[in-house]
Amino acid sequence: MTTFLLRRLAGIALTLLVICAVTFTIFYLLPNDPAQAFCGKDCTPDHVAQVRQQMGLNRPLIVQFGNYVWAIFAGRTMGSGSFAVHCGFPCFGYSFQTGMPVWSMITDRLPISVSLAIGSAVLWLAMGLLAGVVSALRRNSWVDRVLMIGTIGAAAMPVYFTAMLLLYFFCSQLGLIPYPRYVNFTDDPVGWAQNMLLPWITLALATAAMYARMTRSSVLETLSEPFVRTARAKGLRERRVVNKHGLRPALTPVVTMLGMDLGGLLAGAVITEQLYGLPGVGKLFADALHKSDQPVIMGVTLVASFFIVTSNLVVDVLYAWIDPRARLS
Amino acid sequence: MTTTVPPVQEPTERQDQAPASPWRSAWRRLRRRPIAMTGLGIIVFFVLAALLAPVLTGISGWGPTDIDKHAVNPYLAGLPRGSFGGVGVNGHWLGVEPGLGHDIFARLLYGAQVSLLVAFSAALLITLVGVTLGVVAGYFGGKTDMVISRFMDIMMSFPSLIFMIALLSVAKDVNRILLLIIVMSLFTWPYIARVIRGQTISLKHREYVEAARASGTGSARIVLTEILPNLTSTIIVYITLAIPTLIGSEAGLTYLGVGVQPPTPSWGQMIADSELYYKLDPMFFILPCACLFLVVLGFTLLGDALRDVLDPKGGNG
């Protein structure tokens, strides 16, 4: 187990370094001049050169990259003389637009994205598992048909459509729910849930459909396994066969998928946050895009990659822990 | 063991059945599924709409960039005159966009062109790259396989949406459509390559491949005549199911402002514009969203049915 863990950790470090290098290259090799962007539109060439000097942009690319990566772990002092600022661990630099440290901009908005991700995950798991299991146990019945056609429809729903239909009917026409705005969970848990309800549904609907289809095929596959036949043969009641023997192994692929999906969502659902105006990490990213705020775009990209790679690791480790065969590959 | 007497074949039965090729019999099974035919119908409808866009807008009389100030009400923030987003006003079949009074029907048709062009081209590119690398990795194995597989693993651990956005946002003065196709393909090919690699590995140990190799056939010929034909159904199923994802990604990227840029009409752009008006002019968001929904639905229905028909092992029913 230890060698497995070490090997996976080394793999992750390498992957993150590659991602970091690619991100860095994308942003610093392409025509946009960071010094010009930082300085603003009406900057004299002298001033731009000075900023370039301060940001270390006239050094070789590899040195800049080294400094960038080093700063993430060890912090770094930016600028010189009376303008010097120390940016502590983990340092992703400062926003061109607001001048705030990128890391604190991300952590400020992280709770919102995490609320969105966790809440919708609970919702899509509940809907997806229920629909999938019911569908599998009532295979080829009308319930199964209706559910499966429904899931194809739900999976094809674009998030914009779900979001705007919900907003139009529930908020604008019927006035049942106030227009979503983010409320802190610690300030007002009820208000938090009420405001997050529509974003949760929007994000959960399409994913739930995917989970329902996967759960259905996974349960069907497990129920045709020899050990389930044995359980039936030794006279167990059907309910017990399904609960004890059928469902547990059928849910392993669902857990894998959940790990990966959650990892991807923690750093923000860009489109859903944009649609509801939720000021999460995804919105931060979208706003930074419109203003070409490169340090923010880079910071979010790296943090998002970190979440995805880490959640893959967690899933792998859980797997290896449950099933020793997985440690070999 | 007793020899079993083969049942006597009714001669009429043989005459009825045409010598069915696997493809023809797959088509016959597909045709019996109303859901698959619905999907195909939707796809054909949108492909025709996209191809005939110039003809259809010629008939309706409004082009995609024509401005019609008479169809909108300047005193109501440029909202369309008439009900349902201005359906029928001034000969706009599906109404107009608020603001400049662009004809929605024309913009939907030209949007379909962009959407399908991007998705089909990206699907083609993914197939070319993914199948080539997948077959090469699976067939040759060893170091080649290790390098390609490692590369695929790294590509798949990239947060693809965020990277696509980042790549598209830094490139400014280039052909957006071409760039979209390339960037979307860049992050999608490993998924098909992985499937193809796995299948190639299992195919290359089959007897007929061994036989071909034993009789001195070269690698290139074995791959082209023995392995590729057996991968065709997998490729078709995979691509049919990849197209809706590509259409969705294109719309999403355009919605976020990094995809197709105006004045080129596109569904993602229309959806982004309609956000401001969803309370007052719901038709503006319903129409492009419904088109997006239908196209994605069509390809998913067809792809699901194709998977069941062409590849019974992978089916889930």
Side-chain angles (χ1 to χ4, degrees), chain A residues 11-12 14-16 18-19 22-23 26-27 29-32 139-140 144 148-149 152-153 155-165 167-168 171-173 213-214 216-218 220-221 263-264 267-268 270-271 274-275 285-286 288-290 292 294 297-298 300-301 304-305 307-309 312, chain B residues 35 39 150-151 153-163 165-173 244 247-248 251-253 255-258 267-268 270-272 274-275 277-282 284-286 288-301 303-304 314-317:
Chain A
I12 277 198
L14 184 73
T15 313
L16 281 176
V18 170
I19 290 179
V22 171
T23 323
I26 292 175
F27 286 107
L29 276 189
L30 282 155
N32 304 25
R139 190 184 177 182
N140 292 336
D144 179 27
M148 283 306 113
I149 291 177
I152 296 183
M157 265 314 253
V159 277
Y160 339 88
F161 207 7
T162 322
M164 283 196 264
L165 282 177
L167 279 171
Y168 182 70
C171 302
S172 178
Q173 294 296 297
R213 295 174 72 73
M214 204 178 69
R216 177 179 181 272
S217 62
S218 175
L220 283 179
E221 205 182 303
V270 186
I271 293 175
Q274 178 81 5
L275 277 162
F285 186 71
L289 274 179
H290 288 295
S292 302
Q294 288 171 7
I297 302 179
M298 256 182 92
V300 176
T301 309
S305 316
F307 280 134
I308 289 181
V309 175
N312 286 354
Chain B
I35 291 182
R150 193 82 208 122
F151 184 45
D153 283 347
I154 290 186
M155 286 308 286
M156 284 194 283
S157 61
F158 273 47
S160 53
L161 178 68
I162 288 199
F163 260 87
I165 297 173
L167 271 173
L168 287 166
S169 74
V170 284
K172 297 269 191 268
D173 308 315
I247 292 176
L253 292 167
Y255 166 83
L256 288 170
V258 293
W267 294 346
M270 288 176 83
I271 295 170
S274 71
E275 236 185 321
Y277 299 96
Y278 78 90
K279 271 181 246 178
L280 301 165
D281 183 11
F284 186 20
F285 81 79
I286 288 175
C289 282
C291 287
L292 193 56
F293 169 74
L294 281 175
V295 170
V296 170
L297 184 73
F299 278 103
T300 317
L301 291 177
D304 262 13
N316 55 356

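Naming convention: chains lettered A, B, ... in sequence-line order (proteins, then strands); numbering from 1 in each chain.
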Bottom line for I308(A): the part with an atom under 4.5 Å from chain B's heavy atoms is side chain
Taken to the nearest 0.5 Å, the spacing of L167(A) CG from Y278(B) OH works out to 4.0 Å
Region of F163(B) in contact with chain A, defined by heavy-atom distances below 4.5 Å | side chain
Best-contacting candidate, V258(B), V296(B), D153(B), against chain A by heavy atom pairs under 4.5 angstrom = V296(B)
OG1 on T15(A) to CE on M155(B), rounded to 0.5 Å = 12.5 Å
In terms of the angle between their ring planes, are Y168(A) and F285(B) parallel, tilted or perpendicular, with boundaries placed at 30° and 60°?
-> perpendicular
Got Y255(B) and L275(A) here, is their nearest side-chain heavy-atom distance under 4.5 Å?
-> yes
From CE (M156(B)) to CG (N312(A)), nearest 0.5 Å = 10.0 Å
Cut-off 4.5 Å, heavy atoms of chain A, and the answer for A251(B) is both
Counting heavy-atom pairs under 4.5 angstrom with chain A, the leader among I154(B), I165(B), L161(B) is I165(B)
So which heavy atom on M164(A) is nearest to which on E275(B), and how close?
-> SD-CA, 4.0 Å
Highest number of heavy-atom pairs under 4.5 Å with chain B among L165(A), L16(A), L14(A), V309(A) belongs to L165(A)
Minimal non-hydrogen separation, C289(B) against P158(A), with atom names = O-CG, 3.9 Å
Nearest 0.5 Å, what's the CZ-CD1 distance between F307(A) and I162(B)?
-> 10.5 Å
Give, as side chain, backbone, both or neither, the part of D304(B) having an atom under 4.5 angstrom from any heavy atom of chain A.
-> side chain
Atom CG of L256(B) and atom CD1 of I271(A): how far apart are they, to the nearest 0.5 Å?
-> 5.0 Å
Do you know which two heavy atoms are closest between I297(A) and S169(B), and how far apart they sit?
-> CD1-OG, 4.4 Å
Contact class of S305(A) relative to chain B, heavy atoms under 4.5 angstrom = both
Under a 4.5 Å heavy-atom cut-off, does chain A meet the side chain of F293(B), its backbone, both or neither?
-> both
For the residue pair I149(A) and I35(B), establish whether any side-chain heavy-atom pair is separated by less than 4.5 Å.
-> yes
Identify which of P288(B), G298(B), S274(B), G252(B) forms the greatest number of heavy-atom pairs closer than 4.5 Å to chain A.
-> G252(B)
